[in-house]
Each structure stands twice: as C-alpha cells, then as structure tokens.
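Notes follow once the structure below has been shown.
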Amino acid sequence: MKRSLAFWETAGFFFVVLVGSALHFAFAASGNNLAVALIAPVNESVWEHLKLFFFPFLLFALIEYRFIGRPIKNFWFAKGSLSLLGPLFIVAMFYTYSSLLGGNFLAADIGIFVISAGISAKIGYNIMTHKMVQKRSREVAIGIIVFMAIAFTIFTFRPPENELFADPLTGGYGAVRAGNSNE
C-alpha cells in the first residue's frame, strides 16, 4: 500500500502544479466569468493565488479517494489538514522572502508554489502512513475543507481591504471590485 500511496502522492504533486498553473489563466480566458472566479484567481493578490493550490489539491483528493483512499484511515485528516497548511506554506514563504528582498519575483513565486505542493505531498504521505487515527479527525478535516471553500467564495466577491487580498497591479480587491479600491 505504501508504494501505491507514494505513486498517488507524487501524481498529486504534478497534478496540483500543472492544473494550478493552468488555472492562473482561466478567469481571463473565460471572459471574466464569475462562475470560473469561484476556482480561479480573479486578480494578482496573494489570496487569489492560493486557489491555484487549493482547488487542484481538492479535486485530486476526490479522485485519489475514489481509487485508494477508502482503506486509509487518515486520508481525510491528511487532505483536510493540507488544504489549510498548503496555502499557509505559500503565504509564509511569500511574505518572508518578499520582505527580505524588498519585493517579489515571478520565478520565486512559482518556486514557492511548487515547493508548497511538494511539501504537502510529502506531509500527506507521512500522515496517511501513520498508524494513529484521532476520533472525529475525518469530520474536522472535512470541516476545514468546507471552511476553506466557503472562504474562497466569500473573499473572491467580498474581500477585506487588506494586503493579502489587494491586487498589487490595480490596487483593487476581488472579482467585483477589481480595479476599484474605493467601493
């Protein structure tokens, strides 16, 4: 089972990186379709770019569960935990390096995304191969996933006026207010 799980976690890493990269362009390619805004970044804010990790990660988790997840007791605990930790890795690394260097760089931003996906795959494998299962961990994990999905939805259309949510190119916030920071 460990070999099969290692294969799936590696495949998940590549899936997240490839699908997440493609999602970067989905909103503009859709003609700014608000349904696409639910899963794809609507601007260049850090918050919106967390969707590049979260939604491909979630989609792959659903696929993976169908094929190998049912017998793994810690499956949803791993996926729920990482649906929160993966974006936190991105935020922590982005703000650390950009504050140290006085700005951000595309190559570094892409590297952070790839590194976060890799760390998440490795941690996910470690959690799923660990024998200990906490009671109610599945429910808590699914709650985290639902919370994150709701947060992405709400903050795409009604983001707080905070640096995390600000588009550095336009000064705007979210899908509806993109390019207009005074609404």
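Side chains included, hydrogens not; waters and symmetry mates left out as well; all remaining heavy atoms used.
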Mind running ring-ring contact (aromatic ring centres under 6.0 Å, His included) on Phe89 and Phe53 for me, showing each step along the way? CA-CA 11 Å; Phe89 295 149; Phe53 175 88; 8.3 Å; no
Under 3.5 Å donor-acceptor, Lys51 side chain and Ile39 backbone: no
When you measure from the side chain of Ser83 to the backbone of Gly80, do you find a donor-acceptor pair of N or O atoms at a distance under 3.5 Å? yes
Met148 and Leu58: CA distance, side-chain angles, deciding distance, side-chain contact (heavy atoms from CB on, under 4.5 Å) verdict: CA-CA 10 Å; Met148 292 293 291; Leu58 178 58; over 6 Å; no
Relative to the ring of Phe155, is the ring of Phe165 parallel (under 30°), tilted (30 to 60°) or perpendicular (over 60°)? perpendicular
With Phe14 as reference, evaluate Val17, Val16, Thr10 under the side chain to side chain contact (heavy atoms under 4.5 Å, CB included) test and give the passing residue. Thr10
Roughly how far, to the nearest 0.5 Å, is CZ of Phe77 from CD1 of Ile142? 13.0 Å
Step by step, would you call Ser21 with Phe113 a side-chain contact (heavy atoms from CB on, under 4.5 Å)? CA-CA 9 Å; Ser21 297; Phe113 173 62; 4.1 Å; yes
Please give me the minimum heavy-atom distance between Gly172 and Asn43, naming the atom from each residue. O-ND2, 4.4 Å
Using a 4.5 Å cut-off on heavy atoms from C-beta on, say whether the side chain of Tyr125 contacts that of Lys2. yes
Below 4.5 Å, heavy atoms only, C-beta onward: do Glu48 and Phe27 meet side chain to side chain? no
Do other residues, nucleotides or ligands put more than 12 heavy atoms under 6.0 Å from the CD atom of Glu163? no
Other residues, nucleotides, ligands: >12 heavy atoms within 6.0 Å of Tyr65 OH: yes
With a 6.0 Å cut-off on ring centres, are Trp47 and Phe152 close enough? yes
